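Notes to accompany the following structure.
Note that the structure is predicted; figures quoted are calculated from it, not measured. Whatever order the structure lists them in is the order used to number ligands and atoms, beginning at 1. Quick note: numbers below take in every heavy atom, side chains included, and nothing from hydrogens, waters or symmetry partners.
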Amino acid sequence: MMKTPKQKPPLSRGEKIQLGIERLNHDGEGVARVNGFTVFVPGAVPGDSVTANVISVQRTYARCLLDSVDKPSPSRIKPPCEHFDSCGGCQLQHLDYQAQLSLKRDMVEQALRRLGGLDVVVRPVIGMTDPWRYRNKAQVPVGMDGPTVKAGFFARRSHRIVNVDCCLIQHPTNDRVVDVVRSVLKETGIPVYNEQEHTGLIRHVVARTSFSSGETLVVLVTNGHQIPGLDKLINALRSRLDNVAGIVQNINTRKGNVILGPEDVTLWGRPFLTENLHGLSFHISPRSFFQVNTVQTEALYKKVKEYAALTGNETVFDLYCGIGTIALYLSRHAGRVVGVESVAAAVDDARKNAKLNKIENAEFHIGLAEDVAPQLQRKWLSASVAVVDPPRKGCEQRLLDAIIKMEPSRLIYVSCNPATLARDLKYLTGHSFTVREVQPVDMFPHTTHVETVVLITRVKE
Ligand code: SAH
């Protein structure tokens with residue numbers, strides 16, 4: 001391999017420079033080039049001409065602070081949310097929605113080309129008609145700022161809590177829950193968690209609202225078991241909030257960033273939420289995964305169903321099945337569906353959801369997909385159609401090997417991370433599969449996250 005000669009960076013710290021922004025990186029920061037050298041400018045968007053101050057210079061890139069936008073990009077808009085500059089929740093509110101969608105399509109195309117070596121056409125992103133107030137779940141950290149209780153979001157790249165009383169991507173009820181909990185904590189003096197010292201009690205408020213019924217499940221994450229003034233807390237939440245399905249305490253006494261702990265205690269009502277998708281009802285427990293954008297979930301699943309092209313006889317595997325949503329949705333069009341999921345509470349939900357919807361051709365296995373799928377494959381249980389929907393780190397190679405051996409005619413890969421998607425597709429295309437269609441769906445408007453559904457078929461040998 002040719003070595004590139006070491007070059008001196010063409011910039012120095014403290015310098016003020018003019019830049020034309022070419023693209024955004026994965027964190028939504030503007031990217032420019034100076035004599036081939038990469039420069040990051042948070043707050044700038046593609047098409048902007050800006051003046052920026054160089055704040056650090058590394059071997060291959062420099063970071064700048066935006067000083068002024070001298071000629072704004074035609075896609076630049078005023079961020080509708082007043083917290084946009086400080087809150088770490090959204091990264092793209094300063095770009096108009098159509099530009100966000102084309103940016104996401106480019107992100108997928110580039111990842112597939114650069115990391116997967118795949119030259120495939122990526123379809124235009126399926127966007128939302130109304131891309132606001134779409135989240136069904138809020139997970140809000142709670143903390144003290146001197147004598148004041150704060151609940152909101154972590155500031156960008158930090159654990160400083162920004163107090164937020166209106167989040168434009170949340171269901172309004174979730175905003176209301178956070179507001180009420182904040183007020184009740186102020187009034188009752190129930191101790192609030194201090195992350196540095198690992199002291200205090202209330203760590204997070206998690207609110208989940210059903211788009212179909214409007215009911216809400218309130219989860220209070222606590223660093224300990226006893227909540228002083230518990231009755232007052234429950235009464236206040238019940239009297240000030242409409243349509244509460246249940247109030248649950250989740251106990252998490254561990255240090256670190258994981259929000260939910262291993263134990264749930266029902267404080268009032270029932271410990272699950274009900275949501276409808278495509279005419280099916282689903283129970284969702286506090287620790288089970290459920291897609292955060294209910295409206296787009298229907299669009300995503302519709303695409304999965306279209307790609308599955310079921311005739312009624314197939315055995316369909318739904319790997320990483322959560323509460324069984326995809327498996328149960330496809331069960332009406334297949335011979336048999338088999339779900340695999342590692343979180344026990346979610347598998348319980350999936351089994352209950354099959355009963356709730358009177359579905360008898362569904363079975364669910366608990367365990368890691370990479371352990372269970374090879375076991376099923378060795379027992380000669382084979383999938384004619386397989387769906388995988390892994391977390392951000394993608395699929396283990398062991399799982400991909402088991403799928404390859406099963407020889408499904410169609411494999412549908414649902415991904416929330418283009419980089420690991422590209423890696424896994426590269427492996428599959430090296431093993432008798434070919435990528436047919438790539439369809440991103442915008443599950444997370446105003447953020448840099450992209451969801452993609454891919455149809456992969458077997459190459460006839
Ligand atoms: N398809 C579902 C869930 C997708 S999220 C839906 O649309 O709602 C990914 C799921 O995979 C989560 O429920 C998570 O608990 C589960 N999971 C994570 N790692 C896993 C693994 N190695 N094996 C099986 N399930 C896993």
Side-chain angles (χ1 to χ4, degrees), residues 126 135-137 139 208 210-211 258-262 272-278 280-305 307-308 316-331 337-354 357 362-377 383 385-403 411-417 420-421 424 439 441-444 449-454:
I126 299 175
R135 281 189 66 101
N136 55 35
K137 179 167 86 167
Q139 305 196 105
R208 263 180 164 169
S210 163
F211 273 59
V258 176
I259 295 176
L260 295 179
F272 60 86
L273 191 70
T274 312
E275 181 64 283
N276 286 347
L277 289 174
H278 287 300
L280 295 172
S281 303
F282 294 99
H283 276 187
I284 313 166
S285 301
R287 274 176 293 135
S288 297
F289 176 90
F290 186 73
Q291 301 283 354
V292 294
N293 185 331
T294 312
V295 171
Q296 290 297 82
T297 299
E298 291 205 324
L300 179 77
Y301 290 177
K302 216 170 128 201
K303 208 68 205 170
V304 172
K305 184 176 148 221
Y307 285 171
V316 180
F317 275 32
D318 178 8
L319 303 162
Y320 309 87
C321 70
I323 62 166
T325 41
I326 294 178
L328 296 174
Y329 174 49
L330 296 182
S331 70
V337 294
V338 180
V340 181
E341 161 66 42
S342 60
V343 171
V347 176
D348 278 351
D349 283 347
R351 290 177 180 146
K352 281 186 195 136
N353 288 330
N357 293 289
E363 67 194 73
F364 294 95
H365 298 261
I366 179 166
L368 298 173
E370 56 272 27
D371 291 338
V372 177
Q375 284 163 16
L376 295 174
Q377 188 268 324
V385 173
V387 181
V388 292
D389 185 2
R392 290 186 62 76
K393 67 176 183 174
C395 298
E396 296 279 326
Q397 196 170 310
R398 272 188 299 144
L399 171 64
L400 298 178
D401 286 335
I403 293 172
L411 169 61
I412 297 136
Y413 195 133
V414 181
S415 158
C416 55
N417 183 350
T420 54
L421 172 68
D424 291 348
Q439 175 66 70
V441 179
D442 194 21
M443 300 290 275
F444 314 101
H449 294 285
V450 201
E451 190 86 7
T452 313
V453 197
V454 182

Over all heavy atoms of both residues, which pair between [X] and [Y] is shortest? Give the atoms and the distance, please.
{"X": "L328", "Y": "I323", "value": "CD1-O, 4.4 Å"}
{"X": "Q296", "Y": "I126", "value": "NE2-O, 3.1 Å"}
{"X": "A327", "Y": "F364", "value": "CB-CE2, 4.0 Å"}
{"X": "H283", "Y": "N353", "value": "N-OD1, 2.6 Å"}
{"X": "L399", "Y": "A373", "value": "CD1-CB, 3.4 Å"}

Under 4.0 Å to a heavy atom of [X] - the qualifying atoms of ligand 1, by number:
{"X": "G367", "answer": "23 (N), 24 (C)"}
{"X": "V343", "answer": "15 (O)"}
{"X": "Q291", "answer": "6 (C), 7 (O), 8 (O)"}
{"X": "T325", "answer": "6 (C), 7 (O), 8 (O)"}
{"X": "D389", "answer": "1 (N), 2 (C), 3 (C), 4 (C), 5 (S), 6 (C), 7 (O), 9 (C)"}

Out of A344, C395, G324, A369, the nearest non-hydrogen contact to atom 23 (N) of ligand 1 is supplied by A369
Candidates Y329, F289, Y301, Y320; heavy atom nearest atom 21 (C) of ligand 1 found on Y320
Residue and atom name of the nearest protein heavy atom (relative to [atom]), distance in Å to one decimal:
{"atom": "atom 22 (N) of ligand 1", "result": "E370 OE1, 3.1 Å"}
{"atom": "atom 17 (N) of ligand 1", "result": "S342 OG, 3.4 Å"}
{"atom": "atom 19 (N) of ligand 1", "result": "P391 CG, 3.8 Å"}
{"atom": "atom 10 (C) of ligand 1", "result": "E341 OE1, 3.5 Å"}

| message | Test side-chain contact (heavy atoms from CB on, under 4.5 Å) on V414 and E451; report intermediate values, then the result. | response | CA-CA 7 Å; V414 181; E451 190 86 7; 3.4 Å; yes
inquiry  = With heavy-atom distances below 4.5 Å as the criterion, would you say the side chains of Y329 and L277 are in contact?
reply    = no
Of N293, T297, T294, the one forming a side chain to side chain donor-acceptor pair (under 3.5 Å) with N136 is T294
Given that the side chain starts at C-beta and the backbone is N, CA, C, O, which of these parts of [X] lies under 4.0 Å from ligand 1, counting heavy atoms, or is it both or neither?
{"X": "A346", "result": "neither"}
{"X": "E396", "result": "neither"}
{"X": "L368", "result": "both"}

By salt bridge (charged side-chain N to carboxylate O under 4.0 Å, His left out), E396 pairs with (sequence neighbours left out) none
